[in-house]
Amino acid sequence: MRSDERAARLEQALLKAHRNRPPVAPGPDFTRDVMVTVRQMAARQHESEMVYTFFERLFMPMAWASGVVTVTLGFYAVEALKAVQAGAMQAAASQTATLLTLQAMGF
Amino acid sequence: MPWEHDDLEVIHRVRAGNVNAYAHLVNRHKARVAAIATRHVPPDRVQEVAQDAFVRAFQSLDGFRGDQPFSHWLAAITVRACHDFWRSHYRNRETSVGYTGDCGPEGFDALTTADAVERFETDTGQREASALLEWAMGQLSADDRIVLALTHLEGYTTAEAAAMLGWTTVNVKVRAFRSREKLRRILAAAGEEKEGRT
């Protein structure tokens, strides 16, 4: 058999083998494992939306309107937003608490 | 198809904040997603890639417009997850990827004996043939591999493969042609090398 004929027949045999490959069935914990990740993602998204809502709709408009945004407050606000974007919700909450304390102290 | 109506209803519930409803979609489509992944990645990575596909689908669910069945949309996401698996694999140059392991140069010798082609055409030779195909596909790039699998092994049309990969049809057509040529050259060269040694 010539080498090109042999290669063509070989290719056909390989295609058939590929089509006959037995499928791998998902394991018994498949859905549970997916849902663990999905719920975590949904929770992070929800927390992010809450913090964004706080900054965008409540804190920033109030701060700008009353003219109390100083360099110090601005620094903590930016840090808190960066933490939210990185998904570090505890850090964001901490930065927000500092921010509110400073604001209450009249900075 | 009744399922597609059900899928839309579940998607609405998930979008409305009922995250747990997503489990219905996972249960309903997991066998199909795993079947797609089986044809593109090693068996020991199917579960991981299938999970990745469902997580990506959840992340992109707001982008599902409903102008095609959810199963088609999910199939495209699964194919891209498989493609990304190989891109990542080639980047990291992992050495322990499933069934390619026992079909290196030594294993290849046993598979290219004179009666190999005839043997591959029988049921008993199918596993060897599958291993050989994996070895040969492993010589291709991630792009060549995925387009070849979709168009020549899976039988998708150029337009379908283009939609799944997010490529142009011309790109798929050209890439598919070249990939098949490369695969033929790899197989022919391996066969000639073997014959030259015997």
Side-chain angles (χ1 to χ4, degrees), chain A residues 1-58 81-90 92-93, chain B residues 14 17 19-20 22-24 26-27 30-31 33-39 41 43-47 50-55 58-59 112 114 116-121 123 125-134 136-137 149 152-155 180 183-192 195:
Chain A
M1 195 190 307
R2 281 169 41 202
S3 63
D4 56 340
E5 285 173 10
R6 191 165 182 281
R9 278 190 65 188
L10 182 60
E11 190 187 45
Q12 287 307 311
L14 297 181
L15 298 185
K16 188 181 167 197
H18 177 84
R19 280 192 286 267
N20 292 346
R21 186 185 292 177
V24 175
D29 296 331
F30 183 87
T31 302
R32 190 201 64 185
D33 291 345
V34 171
M35 290 309 292
V36 166
T37 309
V38 161
R39 286 191 192 102
Q40 284 172 349
M41 286 171 59
R44 272 204 302 274
Q45 192 181 349
H46 181 63
E47 286 169 343
S48 301
E49 281 167 6
M50 296 242 308
V51 177
Y52 272 121
T53 301
F54 168 73
F55 274 102
E56 288 180 358
R57 296 192 187 164
L58 297 173
L81 281 172
K82 275 159 58 179
V84 171
Q85 283 170 332
M89 300 312 297
Q90 263 193 324
Chain B
V14 176
V19 177
N20 290 335
Y22 192 67
H24 292 295
V26 178
N27 280 330
K30 63 185 178 185
V33 166
I36 294 171
T38 298
R39 294 196 294 265
V41 301
D44 59 337
R45 300 299 181 93
V46 167
Q47 186 106 342
Q51 284 186 6
D52 182 34
F54 275 109
V55 170
F58 176 77
Q59 276 179 305
T112 52
V117 176
E118 285 76 12
R119 199 168 69 246
F120 290 161
E121 288 165 354
D123 287 343
Q126 294 281 295
R127 209 172 146 197
E128 292 173 298
S130 189
L132 175 59
L133 180 63
E134 273 312 308
M137 297 266 290
H152 291 304
L153 304 183
E154 307 295 321
R180 191 160 191 177
L183 187 70
R184 277 187 184 151
R185 279 201 299 272
I186 289 165
L187 292 171
E192 282 167 14
E195 278 170 15

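We name chains A, B, ... by the order of the sequence lines, and we start the count at 1 in each one. Note that the structure is a prediction, hence the values are computed from the model and not measured.
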Would you indicate whether the side-chain heavy atoms of B:V19 and B:V14 approach each other to under 4.5 Å?
-> no
Given the options B:A35, B:A136, B:A50, which has more heavy-atom pairs under 4.5 Å with chain A than any of the others?
-> B:A50
Kindly say whether B:V26 contributes a backbone atom to a donor-acceptor pair with the side chain of A:T31 at under 3.5 angstrom?
-> no
Where do B:Q51 and A:D33 come nearest, in terms of heavy atoms and distance?
-> NE2-CB, 3.4 Å
Could you tell me which of B:L133, B:I36, B:L153, B:D52 has the largest number of non-hydrogen atom pairs under 4.5 Å with chain A?
-> B:L153
When rounded to the nearest 0.5 angstrom, what is the spacing between CD in B:Q47 and NZ in B:K30?
-> 9.0 Å
Part of B:V46 lying under 4.5 Å from any heavy atom of chain A | side chain
For the side chain of B:Y22 and the backbone of B:F54, is there at least one donor-acceptor N/O pair under 3.5 Å apart?
-> yes
Where does B:F58 contact chain A at under 4.5 Å (heavy atoms): side chain, backbone, both or neither?
-> side chain
Is it the backbone or the side chain of B:N20 that comes under 4.5 Å from a heavy atom of chain A, or both, or neither?
-> both
